[in-house]
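Report on one structure; see the data block that follows.
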Amino acid sequence: MAQWSQPAYSGNFVSQMNRMATKNTIAVIASTKEKAKAVVQKIADKNCRVLLVSKHDDEYLQLQKEIQFQFPSIEFETIDCMKDGCWEADVIVMNVNEDEEKPVAEMIKEVAIQKVVISFSDKENGCCENDLQKLLHYSRVIKVFNSGSASLSIRGNDAEALQYASSLLKG
Amino acid sequence: MYELLYKKVSETISITDEEFEFCKTLFIPKKLRKRQYLLQEGDVNKHTAFVSKGLLRSYTIDDKGTEHILQFAFEGWWMGDLYSFLTEEPSMFNMEALEDCELLLITKPSWELLLDKVPAFEKYFRILIQNNLIATQKRLMGTLSETAEQKYTNLINNFPGCLNRVPQHMIASYLGITRETLSRIRGNIAARK
């Protein structure tokens, strides 16, 4: 197959996304309730609809109640099918264990095309952004490393997606 | 996910499998639930949408709070505010799912890349825009010169599935008539059969 390029985005994508009336749907995929909570708390005050991929078990229902108590205006729902959740999403945030990253990427890659995919990692020596980008070849992959303190290290090859992830998680 | 897009594109232009495979890498697969918005007034229309499944409407709201429906988009149709998409100016329209939808969205940078790399798509979108212009002119002329009954008859002749899928008040809004007028027209047509 011939070498096809991928689109270059213009610079106003981030500012537009942040002041839009239309809400972005952000799918959150997490290994544990704590990992889900860590992500949702970072994005809850943004103008978005949060779609948590979960099996609707008691633990996640409890999390939903906690989040809705803490952020009364949040639009928060759960969905049990990961592929459908990511299909609905405009942006996908993964906070999964290192060994789960590859199988999750395999499951969502078909519906993650051209979407910003943000993946959290505890260790900087884990799967790097280029490894995940290879798995999600047509997505705009961003890696976020928890560097222990409150600061986050955010990396990726797509400048605009990087800017968006920074504004979403730090802003 | 891409079958209907391939079918529609192939009806207009000839493209290779390789070109269509590239095309697939540029479209954002997006599910929209009933009553969710693809776009709200005041936002820039960043995507043009191909409807693989479901039904969308675009509408505007006037100063009195009355909705005016501009367009419905059924399976195989495109939906977007071309002015906003091309100029990156805020849109005057809202775009809402009337049914659960499966869409394929394309951004302006991806669209430009597609036109650049697969010139056959230049022809496809030229024909699409020509047809849109013709339909817009017909709709404008209909609004200016046709009776309410003619407008209704044209709608059901052109889009027979519309009556089963679109609520009556939205059909009235699309035709620019009141619900009562629509009801009377339907009654008159039924009485003549």
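Residue numbers start from 1 in every chain, and the chains themselves are labelled A, B, ... in the order their sequence lines are given, proteins ahead of strands.
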Checklist line | Largest heavy-atom contact set with chain A, pairs under 4.5 Å, which of B:Gln36, B:Lys108, B:Glu112, B:Glu41 | finding: B:Gln36
Next item on the list: Look up atom CG in B:Asn45 and atom OG1 in A:Thr22, then write down how far apart they are to the nearest 0.5 Å.
Entry: 9.0 Å
Notebook entry, point to check: Looking only at heavy atoms, which two atoms of B:Thr25 and A:Tyr138 are closest? And how far apart?
Noted result: CG2-CZ, 3.3 Å
Checklist line | Side-chain donor or acceptor of B:Lys31 paired with backbone N/O of A:Gly85 under 3.5 Å | finding: no
Next item on the list: Verify the cluster assignment for B:Phe20 and B:Trp111: are they in a single hydrophobic cluster under the rule of side-chain heavy atoms below 4.5 Å apart?
Entry: yes
Check: Can you hop from B:Met79 to B:Ile127 via hydrophobic side chains spaced under 4.5 Å?
Finding: no
Margin query: For the CG atom of B:Leu105 and the NZ atom of A:Lys115, what is their distance to the nearest 0.5 Å?
Written below: 8.0 Å
Next item on the list: Determine whether A:Lys23 and B:Tyr37 make a side-chain contact, defined as any pair of heavy atoms from C-beta on separated by less than 4.5 Å.
Entry: no
Check: CH2/A:Trp87 to CG/B:Leu103 distance, rounded to the nearest 0.5 angstrom?
Finding: 10.5 Å
Note to self: Please classify the contact between B:Leu114 and chain A as side chain, backbone, both or neither, with a heavy-atom cut-off of under 4.5 Å.
What the structure shows: neither
Notebook entry, point to check: Can a salt bridge be assigned to the pair A:Glu88 and B:Arg33 using a cut-off of 4.0 Å between side-chain N and carboxylate O?
Noted result: yes
Next item on the list: Would you kindly confirm whether B:Leu98 and B:Leu39 end up in one hydrophobic cluster when ILVMFWY residues are joined by side chain heavy atoms under 4.5 Å apart?
Entry: no
Note to self: Are B:Tyr59 and B:Leu56 connected into the same hydrophobic cluster when the rule is that any two of I, L, V, M, F, W, Y join if their side-chain heavy atoms are below 4.5 Å apart?
What the structure shows: no
Check: In terms of heavy-atom contacts, does CG of B:Asp62 have more than 12 from other residues, nucleotides or ligands at under 6.0 Å?
Finding: yes
Next item on the list: For residues B:Lys30 and A:Asp90, determine if any side-chain heavy atom of one lies less than 4.5 Å from a side-chain heavy atom of the other.
Entry: yes
Next item on the list: Determine whether more than 12 heavy atoms belonging to other residues, nucleotides or ligands lie under 6.0 Å from atom NE2 of B:His68.
Entry: yes
Notebook entry, point to check: Side-chain heavy atoms under 4.5 angstrom apart, residues restricted to Ile, Leu, Val, Met, Phe, Trp, Tyr: same cluster for B:Phe121 and B:Phe85?
Noted result: yes
Item checked: Basic-acidic side-chain contact under 4.0 Å: A:Glu110, B:Lys24 -> no
Check: Which atom names give the shortest non-hydrogen contact between A:Ile113 and B:Phe27, and what distance separates them?
Finding: CG2-O, 3.4 Å
